[in-house]
*Asks:* 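Before I ask anything, let me first share the structure, which is written out below as structure tokens.
A, B, ... follow the sequence lines: proteins, then strands. Residue 1 opens every chain. This is a predicted model, so every value here is computed, not measured.
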Amino acid sequence: MAELTMVEAIRTAMARAMADDPSVLVLGEDIGRDGGVFRATDGLLDRFGPDRVIDTPISEALFCGLAVGLGAQGFRPIVEFQFLGFLYPGLDQLINHASRLRNRTRGRLSCPTVVRSVWGGGIGAPEHHSEATEALMAHIPGLRVVLPSSPARAYGLLLAAIADPDPVVFLEPSRRYRSPREEVVDDGHPLPLDRCAVLRHGTDLTLVSWGATLGEVLEAADALAAEGVEAEVIDVSTVKPIDTGTILASVERTGRAVIVHEAARAGGIGAEIAAVLADEGLTSLLAPVARVTGYDTVIPLARLEHAYLPDVERILGAARRTMEYS
Amino acid sequence: MAELTMVEAIRTAMARAMADDPSVLVLGEDIGRDGGVFRATDGLLDRFGPDRVIDTPISEALFCGLAVGLGAQGFRPIVEFQFLGFLYPGLDQLINHASRLRNRTRGRLSCPTVVRSVWGGGIGAPEHHSEATEALMAHIPGLRVVLPSSPARAYGLLLAAIADPDPVVFLEPSRRYRSPREEVVDDGHPLPLDRCAVLRHGTDLTLVSWGATLGEVLEAADALAAEGVEAEVIDVSTVKPIDTGTILASVERTGRAVIVHEAARAGGIGAEIAAVLADEGLTSLLAPVARVTGYDTVIPLARLEHAYLPDVERILGAARRTMEYS
Amino acid sequence: MGSDRVVARFEIHSTRYLEPDGTPIEPLPAWSDDRDTLVDLYRAMVRTRTFDARAVALQRTGQLGTFASSLGQEAVAVGLGAAMQPEDVLVPSFREQGAQLWRGVTMTELLLYWGGDERGSDFAGPREDFPISVPVGSHASHAAGIAMAFQLRGEPRVAVCVVGDGATSKGDVYEALNFAGVRRLPMVLVVNDNQWAISVPRAVQTAATTLAQKAVAAGVPGEQVDGNDVIAVRTQVALAIERARSGEGPAVIEAVTYRLTDHTTSDDASRYRPPEEVTERWAHEPVVRLRSLLVARGWWGKDDEEGLTADCRADVEAAVDAYLHTPALPATSMFDHLHAELPAALAGQRAELEAAVARTDASAEGGHG
Amino acid sequence: MGSDRVVARFEIHSTRYLEPDGTPIEPLPAWSDDRDTLVDLYRAMVRTRTFDARAVALQRTGQLGTFASSLGQEAVAVGLGAAMQPEDVLVPSFREQGAQLWRGVTMTELLLYWGGDERGSDFAGPREDFPISVPVGSHASHAAGIAMAFQLRGEPRVAVCVVGDGATSKGDVYEALNFAGVRRLPMVLVVNDNQWAISVPRAVQTAATTLAQKAVAAGVPGEQVDGNDVIAVRTQVALAIERARSGEGPAVIEAVTYRLTDHTTSDDASRYRPPEEVTERWAHEPVVRLRSLLVARGWWGKDDEEGLTADCRADVEAAVDAYLHTPALPATSMFDHLHAELPAALAGQRAELEAAVARTDASAEGGHG
Ligand SMILES: Cc1ncc(C[n+]2csc(CCOP(=O)(O)OP(=O)(O)O)c2C)c(N)n1
Ligand SMILES: Cc1ncc(C[n+]2csc(CCOP(=O)(O)OP(=O)(O)O)c2C)c(N)n1
Ligand SMILES: [Mg+2]
Ligand SMILES: [Mg+2]
């Protein structure tokens, strides 16, 4: 057992999967000798050799297409994108091919790939390095989209994603890469996909989030507890398809929901969750479903990104308004 | 005045804009001599010449990038995509550049382009020709996304899109291209962007939709009227940003809403509208907000596409359940 | 001025064995001395042409969706199909039925696909071959991935990707080829250069003199063949495939041919290209060219031709019959192949669909559908 | 066998005027006989190097974000900047500060950009120049669009796009170049070939012998220059620009140079490349090379050098000072440049942000921020 950072947990999961299954490969830019710009693949080249840890040219559309060909041939390629802002040229392959190959061929061919990408803002990185556009992939039938919120969850979810026989987009919040640490047992046990995790139990209010913002959400839940409000905190984890059952059951008990995400509001995953509440959860709702999100603007460069990202204050504001509503 | 089909109305609007403003160009595949695969640009080459009606190589990522360069130089390029399934390689340029150029340069440079694409299913076309992925573009800050529902609305909205100083994605439902016809006055008058149109007034139920499915929605409204239910029918028209005021005001009166769209359900525009209702409209709601949509599957090839697309029966079913709810 | 050195030099070669009238340009390759081999190629080309014509007719009568005929281009598809080994993998565009049929995809499967039924891509024959790729050029990277799989496993197999002249304008094709060059992948890219991409002529796609020289950018060999000369296509593609198989890396072969008919059944080529051009090109088409050689060699006669015509018709009609009598797909099949297992979150939607279908069926039976 | 014709032939040339030690390879171009012209180039290279070093230092002390130094590559940026006319448009990647500064972008603007402030891309000088492009290669099509605008308006102007060696692997660059070839656009693509794309060496990007030959795929001329020889860069880029200006179409110029330092301040190049390689390359760097020529011609001395050092320091410090004292951006500015006019639907969100900022400010003032 060890206290690992998230990036270490991710590396540990990849190493474990590669050791257990020779069909697992890693592809991407600077993932070989350099070990990835965030060091997620550090050491893998030495351990598994250049046939399994493959530096690619700067050809993002290509990566996703390679994964389709490799996947159809029985490999399980893990494709790393340095930042989500550089994945967009690969969307065509994800939408038109990776997500459809199984359906198109009635199961004759399939695409068991994991597309990993650094996700989100908060580290003062340059332009295009702070994208939180998980909703784009989540709208695509046939793609799973997973966002881990902690080292242990990253480890287990990534193992599950690699083992999954279909394409999974795995988005890793860079601002949680190095801290906090968490105990991670490298036992090869996956965590279930398509399932929410309840990070904190509560009866007064349901806070729903995923990925990096759960840090702020848990902090807000602590602050609320000090005010006498017991918030349940749900980590959606797989944002497509969403385990709506867990969320509905929670809101049935609390009657109040605040959804928090870093992405722009319009058409974010928060909308889908709120829509499910407005349909299947309507009778439970004692207050409007609030969303605390990034704004529908381009995320600013480093100097103002803090003003864009949902912070504890904004979450608390929404939570208090939701609690006060009657 | 003339009864035009939607594709004729679109052609008329482009010709009008090109005649009025020499900075308007049309770019795309087969739009010159061939007049476009749906003939939307038929005759424009002869009338405006090869410097303004430009056949491009098959390089979809390029088109959107050309529009950025041309737009920054003061042109107003209209870029045609033959089918939405072929636009995806251009998403990178739309997301990373077209939508951001103004913000990135604090207004020094901008991108007044219209990206037109054939949209949606229902004509038995081959694979990738029936995409309804407006939600992808609608999630991108800085992009406007417009879907016309009739010839006259297509004419006015396209003129407005061309006149708009920023990028607009204009999605044209192929199954409404040739019918029905509608009177269109070629007077150069744009219709307002960012505004819903109320196509039918009613007090019992609000039906919300856009683009092609409004055909089925209006039919369903007729059937409901025969059952004594007066449905209000709202054509969202601009799905980003959404005129939520009109929708909220309607639901405040009716208390009941059914949202209909052709796109896959999860993360579709219907989710955003339902989310706004679950927040700002919650107190008005007398029944769960229903969504009648495409399924979260790949739209089937021609033989089964009818089973995928929302039809009058499904809309009626949801409307009746919504009316019966108490 | 200063120092001006030449740091790289390239040549693009073009190969032809048969003149347009079928006259051989000696010496022919040894393999073409075998009657049966040449006759098989001829049969396959005629069979493809018969199939195409019937498919177009089916579309015209509302029994098939949009269809892309390969009229005039049969030598490219059949030649490359014949150059491959069964264990190689074909990654075709949408106009390579000649190669697909050669490799064992059935006519019924092709009709199902163009008829709007996903089962048409579940090939019973070449199980690893890729289905038709509609998004132009997007499959080049699939071929690179497949070739990479072969290379990683040390298997002596080759991925053969076919794209059109128009597709060479796509960044996808360039990226895949460039990567294949870096890793010396066992991949052959055949450019089926039929001069048109719908209404856009070759010269509007690129200023490059040849499409073979697209290879130069990737540091890969490229060459041209006369794509209406099935002997040239088969010879040069087979050479490239065998080089790739033996570890010498990828290659590009531009097969220069001509699309003698509309782009697809949705197209009307008379809108954009002069009929004289098409008439002129008929003099170069590949089927008569090869037949002339067969006839000149005394290997083919009127009876053979009649027999072949009858065989092809019978084959095609049997396939059409099987196509038209294929039982309907259940609507719920759209859920059943999306993932290996239906995610729990989708069970509700699948049930919704079942209910909707049941309602429609009931109302259809009730006679007010 | 059969007929085998050569249908296309290409040669890639490489030009150099100065040996690594500064010895001229006669004859030099006439323009380089002018002291002031050469000294201006030298000053610009030193100024760029001074700026880069200071920017890195700012980053190390937490006063700047990630920064990409151009150490060792100054001759490419300055040479191409000097080859352009003011009315031309520069479409740079993120390592062309030498060209940007030459064209009138201010050091303060560059610092604002890398410091995370959008106002850094609102150049007061070259108003039509494009901002830095971070997504590798994605700006090539912008240059094509700009060149198309010039062509359509009949303006004798040229769009100059700069990309790295790594960027040549992107389909975007290929598509833009191919299109530029088709329409003979007034566009010059300079490939700043510094041998590395972060940790990936040139040989892993492509099997092509030269990057100049990427042009062959587009049917466009391509050539190499010694990118550490500012005379070669300026001469050859200017020739290409003037050809483009006079309607002769686009060209590719590969400037072969070397990245002497880390990729950016976030990178540690010692992880992936041997220090000996870097040491060896210092012998080829461009600043000393040009100075050697100036000194040999008696055009430059110790005093000049000291004066220049002092000037550059003063310039840079003034810019740093202006940067550090630039008043904060209001948070609401993220809404104010998104569209020409704020859509009504976003007014609510803007108000939310204002309220959030007011809350934060208030709590900061209240001392519990
Ligand atoms: C990415 C993409 N863009 C556009 C289309 C529409 N389209 C279908 S075929 C075609 C022309 C293809 O030309 P070419 O590559 O020469 O192949 P050919 O049809 O001549 O066999 C086009 C533009 C498409 N299928 N995919
Ligand atoms: C599309 C894209 N992919 C990845 C990155 C991350 N990245 C930034 S610079 C770089 C290497 C660029 O190499 P090259 O083109 O040679 O330019 P250089 O940095 O050497 O100047 C990479 C991979 C990016 N910015 N954009
Ligand atoms: Mg073609
Ligand atoms: Mg480089």
Side-chain angles (χ1 to χ4, degrees), chain A residues 60-61 85-96 99-100 103-104 127-128 131 133 135-136 138-142 239-242 257 259 263-283 285 287-291 294-301, chain B residues 60-61 85-96 99-100 103-104 127-128 131 133 135-136 138-142 239-242 257 259 263-283 285 287-291 294-301:
Chain A
E60 282 84 1
F86 309 140
L87 179 145
Y88 303 138
L91 283 176
D92 180 44
Q93 288 290 336
L94 293 181
I95 301 174
N96 276 333
S99 68
R100 299 187 186 190
N103 182 66
R104 172 177 298 148
E127 217 174 341
H128 307 277
E131 306 281 296
T133 38
L136 302 184
H139 188 49
I140 303 306
V239 298
K240 171 71 176 289
I242 299 174
I259 305 162
R265 185 168 313 163
I269 304 289
E272 179 60 29
I273 294 170
V276 169
L277 291 174
D279 183 358
E280 299 172 57
L282 186 71
T283 48
L285 289 175
V289 178
R291 287 184 284 168
Y295 299 103
D296 287 326
T297 66
V298 179
I299 182 170
L301 295 183
Chain B
E60 282 84 2
F86 308 140
L87 178 144
Y88 303 138
L91 283 176
D92 179 45
Q93 287 291 335
L94 293 182
I95 301 174
N96 276 333
S99 69
R100 299 188 187 191
N103 183 66
R104 173 176 298 148
E127 218 176 340
H128 306 279
E131 307 280 297
T133 37
L136 302 184
H139 188 50
I140 303 306
V239 299
K240 172 70 175 291
I242 300 175
I259 305 163
R265 185 168 313 162
I269 304 289
E272 179 59 30
I273 294 169
V276 169
L277 291 174
D279 184 357
E280 300 172 57
L282 186 71
T283 48
L285 289 176
V289 178
R291 287 183 285 168
Y295 300 103
D296 287 325
T297 67
V298 179
I299 182 170
L301 294 183

*Asks:* Which bit of A:Glu127 is near chain B, if near means a heavy-atom gap under 4.5 Å: side chain, backbone, both or neither?
*Replies:* side chain
*Asks:* Just one of B:Ile95, B:Leu91, B:Thr133 clears the side chain to side chain contact (heavy atoms under 4.5 Å, CB included) bar with A:Leu136, so which one?
*Replies:* B:Ile95
*Asks:* Any chance you could measure B:Asn103, atom CG, to A:Leu301, atom CG, to the nearest 0.5 Å?
*Replies:* 8.0 Å
*Asks:* Go through the atoms of B:Ala266 and report whether side chain, backbone, both or neither lie under 4.5 Å from a heavy atom of chain A.
*Replies:* both
*Asks:* Considering only heavy atoms, which portion of A:Ala287 lies under 4.5 Å from any heavy atom of chain B: side chain, backbone, both, or neither?
*Replies:* backbone
*Asks:* Distance from B:Asp92 atom CG to A:His128 atom NE2, nearest 0.5 Å?
*Replies:* 8.5 Å
*Asks:* Would you name the heavy atoms of A:Val298 and B:Ser99 that are closest together and state the gap between them?
*Replies:* CG2-O, 4.4 Å
*Asks:* Which atoms of A:Ala138 come close to chain B, meaning under 4.5 Å heavy atom to heavy atom: side chain ones, backbone ones, both, or neither?
*Replies:* backbone
*Asks:* Check whether B:Asp279 reaches the backbone of A:Arg291 with its side chain - one donor and one acceptor, N or O, closer than 3.5 Å.
*Replies:* no
*Asks:* Quick check on A:Val239 against chain B: is it the side chain, the backbone, both or neither that has a heavy atom closer than 4.5 Å?
*Replies:* neither
*Asks:* Name the member of A:Gly267, A:Ala274, A:Pro241 that forms the most heavy-atom pairs with chain B at distances under 4.5 Å.
*Replies:* A:Gly267
*Asks:* Are the side chain of B:Glu272 and the backbone of A:Ala271 linked by a donor-acceptor contact shorter than 3.5 Å?
*Replies:* no
*Asks:* Given a strict heavy-atom distance threshold of 4.5 Å, which part of A:Ile140 is in contact with chain B: side chain, backbone, both, or neither?
*Replies:* side chain
*Asks:* So which residue, A:Arg265, A:Glu60, A:Glu131, ends up with the most heavy-atom pairs under 4.5 Å with chain B?
*Replies:* A:Glu131
*Asks:* Report the residue from A:Leu282, A:Val289, A:Leu277 that forms a side chain to side chain contact (heavy atoms under 4.5 Å, CB included) with B:Leu282.
*Replies:* A:Leu282
*Asks:* Looking at A:Ala264 and B:His139, what are the two nearest heavy atoms and their distance?
*Replies:* O-CE1, 3.2 Å
*Asks:* Contact part of B:Gln93 toward chain A, heavy-atom cut-off under 4.5 Å: side chain, backbone, both or neither?
*Replies:* neither
*Asks:* When only pairs under 4.5 Å are counted, which of A:Pro89, A:Gly142, A:Gly294, A:Ala61 shares the most heavy-atom pairs with chain B?
*Replies:* A:Pro89
*Asks:* Who wins among A:Arg104, A:Lys240, A:Glu280 for the most heavy-atom pairs under 4.5 Å with chain B?
*Replies:* A:Arg104
